[in-house]
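Read the numbers this way: they start at 1 and go in the same order the structure lists the ligands and their atoms.
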Amino acid sequence: MPSPLASLDLSFDSGAARAEVLSRIAAAARAAGRDAADVTLTAVSKQQAWERIAPVLAAGQRVFGENRVQEAEERWAARKAETPGLELRLIGPLQTNKAREAVALFEVIETLDRERLAEALVKAADKEGRLPRLYVQVNTGEEPQKAGIAPLEADAFLEAVRERHGLEIEGLMCIPPEGEAPGPHFALLARIAARNGLTGLSMGMSADFETAIRFGATSVRVGSALFGGRA
Ligand SMILES: *Cc1c(COP(=O)(O)O)cnc(C)c1O
């Protein structure tokens, strides 16, 4: 029987990988004439073994991204109390029937993309007495299988969640289509944010976070470059 650890490359040093990613972020910011302090590293811990996450946490990382509510609860709920400053960000699609759990667990929800969800979040916030910071996800590539509001509907959607639902929005998030140059998608997201008076831009992953920083990313979501490949 192969051990459950057989697929985990134990030689991967995630603590060292974090130092490397942070220095690449700093270099990309410098090259773009930006302050590295204005770019937050979101460590995407989904589907990673705790053995990989612990060294990153020990190195001082406090912002983590998860794409599923239940998995995030299992990984983080008990650890939250003993980890001051922990900031959990939901970066995957959210079902309205999970809104309350998400509002209770996450500091940031990056995937608001429909009014029914805005409604559910307002209700959940009432019950939980807390409201996470919110990002609207934009489907910049207009991919049918991908979540997010279409670029042409983004302005009206932002107005609706702000005016009709009374929600404050911190920024926008996107995931460019695989196999396409990400730059135009990052530029589009930045344009939509600017004309709507939004400063937060969650964009860029392991393969393209330096490009995203060039286009103005204020947070980059990095998984495999930090923790190694997912199971
Ligand atoms: C998994 C995931 C990431 C991280 O991807 P890597 O390529 O491993 O860095 C970033 N953003 C979202 C929305 C994800 O689901």
Side-chain (N67) to main-chain (I91) donor-acceptor, under 3.5 angstrom: no
Contact list for residues 157-177, test side chain to side chain donor-acceptor pair (under 3.5 Å), sequence neighbours left out: E115-R164, E115-H165, R133-E170, Y135-E170
Set of residues that line ligand 1, where lining means a heavy atom lies under 4.0 Å from it: V44, K46, I91, M173, I175, M205, S206, R221, V222, G223, S224, R230
With sequence neighbours excluded, residues passing salt bridge (Lys or Arg N to Asp or Glu O under 4.0 Å) with D155: R195
Mutual orientation of the aromatic rings belonging to F186 and F215 [parallel < 30°, tilted 30-60°, perpendicular > 60°]: tilted
For R230, salt bridge (Lys or Arg N to Asp or Glu O under 4.0 Å) partners two or more places apart: none
Distance in Å, I213 CD1 paired with S219 OG, rounded so as to fall on 0.5 Å steps: 10.0 Å
